[in-house]
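Keep in mind that what you see is a predicted model, and the values were worked out from it rather than measured. Each ligand, and each atom within it, is numbered from 1 in the order the structure gives.
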Amino acid sequence: MRIVVPAGGIGGARFLQGLRAVLGTDAAAEEQTTDSSITVIGNTGDDITLFGLRICPDLDTVMYTLGGGINEEQGWGRADETFTVKEELAAYGMKPTWFGLGDRDTATHIVRAQMLAAGYPLSTVTEALCDRWRPGVRLLPMTDDQVETHVVVDDGGGRRAIHFQEWWIKHRAALPAEQIVGVGAEDAKPAPGVLAAIAEADAVILPPSNPVVSVGSVLGVPGIREAMAAKTVVGVSPIIGGAPVRGMADACLRAIGVETSAGAVAAHLGSDLLDGWLVDEADADTDVEGIEVRSRPLYMSDPAATEAIARAALDLAVELAEKGEERG
Ligand code: GDP
Ligand code: CA
């Protein structure tokens with residue numbers, strides 16, 4: 001089975017741990033030729049340049065989570081982290097102070113900054129970083145071009161666009177968003193290998209990632225959505241019982257005028273893209289025209305629960321792919 005997964009950070013990475021376990025691909029097996037493979041198309045819309053360093057939060061969360069270096073409780077950043085560099089930067093009056101870049105994490109960013117400055121594209125840099133972390137999946141950025149999600153807010157002083165990270169971290173998404181824009185998305189090209197991986201895939205699985213600023217950003221790179229729509233696509237709802245499981249995806253959905261419900265998110269993703277949609281048992285009455293909806297527990301509470309969700313998504317994809325073949 002060849003599976004493609006467009007992923008954001010925490011939700012995407014956790015789901016990928018389960019999917020990797022189900023498909024039996026791991027860091028050791030990566031060396032051999034396996035029948036199963038997972039290609040992750042990572043969201044880079046959250047990327048930002050701070051302190052002269054290009055920061056790719058979602059790529060790093062996937063890499064650290066699958067590579068065993070993540071801070072498990074937090075869901076982002078390195079385990080056993082210290083923040084001396086951050087304190088020293090603050091002592092120099094360097095802004096912003098709201099972004100938590102730890103000491104261990106800083107090393108990753110120095111490697112990335114050096115390679116980017118030498119002219120390597122982000123996809124090559126990501127591959128180099130993964131040489132250390134061996135995530136057991138192929139991790140590709142959605143694009144090598146610069147795409148940055150900006151949020152149009154009005155904080156009383158008039159409308160202005162701020163970087164997604166400033167809205168998300170500094171303002172905790174509490175400033176009402178009027179619009180969410182992928183700056184640079186229109187002119188971006190899928191990174192090398194992205195379209196080929198989709199074309200060769202047996203199925204595309206959407207993890208429970210933020211539907212607007214994670215999955216939505218990946219789908220916003222011209223060519224990716226169309227390529228995925230030609231495949232069997234099954235998604236896992238990040239919304240349970242009318243609320244995000246963690247994070248503030250409801251604020252993103254509100255900004256684009258989509259109700260925070262499992263059904264509304266599926267309808268927003270569209271029946272041209274989605275063939276199947278897993279919702280939680282709490283949302284068992286969800287019905288979306290043109291999409292096969294199944295309900296089961298969707299909390300990734302421990303590795304076994306996460307694996308079971310991944311297995312259910314794969315099973316549904318296989319079932320729907322077979323149906324698709326019968327229909328011809
Ligand atoms: P981010 O980039 O770190 O915000 O992470 P993602 O975009 O990958 O994922 C965030 C989404 O994952 C949020 O909308 C959450 O509601 C969803 N999520 C987190 N944990 C779970 C879980 O256990 N089950 C489900 N169904 N969704 C989850
Ligand atoms: Ca993210």
Pairwise side-chain contact, [X] with [Y], heavy-atom cut-off 4.5 Å (strictly under):
| X | Y | value |
| --- | --- | --- |
| Val5 | Leu206 | no |
| Arg20 | Leu66 | yes |
| Met142 | Asn43 | yes |
| Ile224 | Ile198 | yes |

Give the name of the N/O/S atom in Asp46 that lies closest to the Ca ion (ligand 2).
-> OD2
Backbone of Asp202 reached by a side-chain donor or acceptor of Lys231 within 3.5 Å | no
Measure from the side-chain N and O atoms of Asp283 to the backbone N and O of Gly241, and report whether any donor-acceptor pair falls under 3.5 Å.
-> yes
Given Thr61, Asp46, Ile309, Leu298, which one has a non-hydrogen atom that is nearest to atom 25 (C) of ligand 1?
-> Leu298
For atom 26 (N) of ligand 1, state which one of Ser237, Gly8, Cys252 supplies the nearest heavy atom.
-> Ser237
Exercise: do Tyr299 and Thr306 side chains pair donor with acceptor under 3.5 Å = no
Quick check: [X] and ligand 1, any N/O pair under 3.5 Å apart?
| X | result |
| --- | --- |
| Trp168 | no |
| Val245 | yes |
| Gly11 | yes |
| Ile10 | yes |
| Gly9 | yes |
| Asn210 | yes |

Answer side chain, backbone, both or neither: which part of [X] comes under 4.0 Å from ligand 1, heavy atoms only.
| X | answer |
| --- | --- |
| Pro238 | both |
| Pro57 | neither |
| Asp58 | side chain |
| Ala249 | side chain |

Salt-bridge contact [X]-[Y] (side-chain N to carboxylate O under 4.0 Å):
| X | Y | answer |
| --- | --- | --- |
| Asp47 | Arg112 | no |
| Arg78 | Asp105 | no |
| Asp145 | Lys189 | yes |

Distance to 0.1 Å, residue and atom name: give those for the protein heavy atom nearest to [atom].
| atom | value |
| --- | --- |
| atom 19 (C) of ligand 1 | Arg246 CG, 3.5 Å |
| atom 12 (O) of ligand 1 | Pro208 O, 2.6 Å |
| atom 23 (O) of ligand 1 | Met300 N, 2.8 Å |
| atom 8 (O) of ligand 1 | Ser209 OG, 2.6 Å |

Taking every heavy atom of Glu289 against every heavy atom of Ser271, the minimum-distance pair comes out as O-CB, 3.7 Å
Please say whether more than 12 non-hydrogen atoms of neighbouring residues, nucleotides or ligands are located less than 6.0 Å from CZ in Phe51.
-> yes
Taking only heavy atoms of Pro244 into account, list the atoms of ligand 1 that are under 4.0 Å away from them.
-> 16 (O)
Taking only heavy atoms of Gly12, which atoms of ligand 1 are found under 4.0 Å from at least one of them?
-> 8 (O)
